[in-house]
Amino acid sequence: MASDTIIFSAAFGNNIKLVELSAPSGGGSGYFVMINSYYQGTVFKRNGQWTGNFNPKAEIYTADIAEIGNRIDCGL
């Protein structure tokens, strides 16, 4: 089972930012995505596939969802 919080650094263009993935307290599905302490949205697994629901100005792209989901699955 994956950890409740996963923290790692990631490149965003020429910048390195801190990414935090955390499960909601009290249960529930999905993980909150924070980049440099700013809420970006959530990722969750539906029918075996990771999907996301992000703020309009989020720094996350569709291609990033699979990588985020992989880190959650592996507990990285």
Side-chain angles (χ1 to χ4, degrees):
M1 177 165 182
S3 158
D4 287 342
T5 302
I6 299 168
I7 299 172
F8 59 94
S9 296
F12 288 81
N14 293 327
N15 299 312
I16 301 296
K17 298 185 179 185
L18 186 66
V19 179
E20 181 178 344
L21 310 173
S22 59
S25 61
S29 63
Y31 278 73
F32 298 129
V33 179
M34 306 282 286
I35 298 176
N36 282 356
S37 299
Y38 289 99
Y39 177 76
Q40 303 291 309
T42 58
V43 292
F44 47 93
K45 204 171 209 178
R46 180 175 291 153
N47 298 324
Q49 296 291 326
W50 284 99
T51 188
N53 184 15
F54 300 107
N55 293 329
K57 294 186 178 184
E59 296 183 70
I60 301 290
Y61 297 99
T62 303
D64 299 321
I65 295 172
E67 176 62 27
I68 290 170
N70 184 53
R71 287 180 180 264
I72 293 168
D73 287 340
C74 294
L76 302 174

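When a residue number appears, it is its place in the shown sequence, counting from 1. Hydrogens, waters and symmetry mates play no part in the numbers below; they use all other heavy atoms, side chains included. As the structure is a prediction and not an experimental result, all values here were calculated from the model.
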*Which other residues end up in the same hydrophobic cluster as Phe32, if Ile, Leu, Val, Met, Phe, Trp and Tyr are linked when side-chain heavy atoms come under 4.5 Å apart?*
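Its cluster mates, by chain and number, are Met34, Tyr39.
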
*Which one of Asn53, Ile72, Ile65 satisfies the side chain to side chain contact (heavy atoms under 4.5 Å, CB included) criterion with Phe44?*
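That would be Asn53; it is the only one of Asn53, Ile72, Ile65 passing the side chain to side chain contact (heavy atoms under 4.5 Å, CB included) with Phe44.
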
*Would you kindly say whether Asp73 and Trp50 are connected by a side-chain donor-acceptor distance under 3.5 Å?*
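Side-chain D/A pair, Asp73 to Trp50: present.
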
*Quick one: CG on Asn55 to OG1 on Thr42, what's the gap to the nearest 0.5 Å?*
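If we round to the nearest 0.5 Å, Asn55:CG and Thr42:OG1 are 9.0 Å apart.
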
Enumerate, atom names and distances included, each donor-acceptor pair closer than 3.5 Å involving a side-chain atom of residues 6-24, sequence neighbours excluded.
unit_1, atom_1, unit_2, atom_2, d
Lys17, NZ, Glu59, OE1, 2.4
Lys17, NZ, Glu59, OE2, 3.3

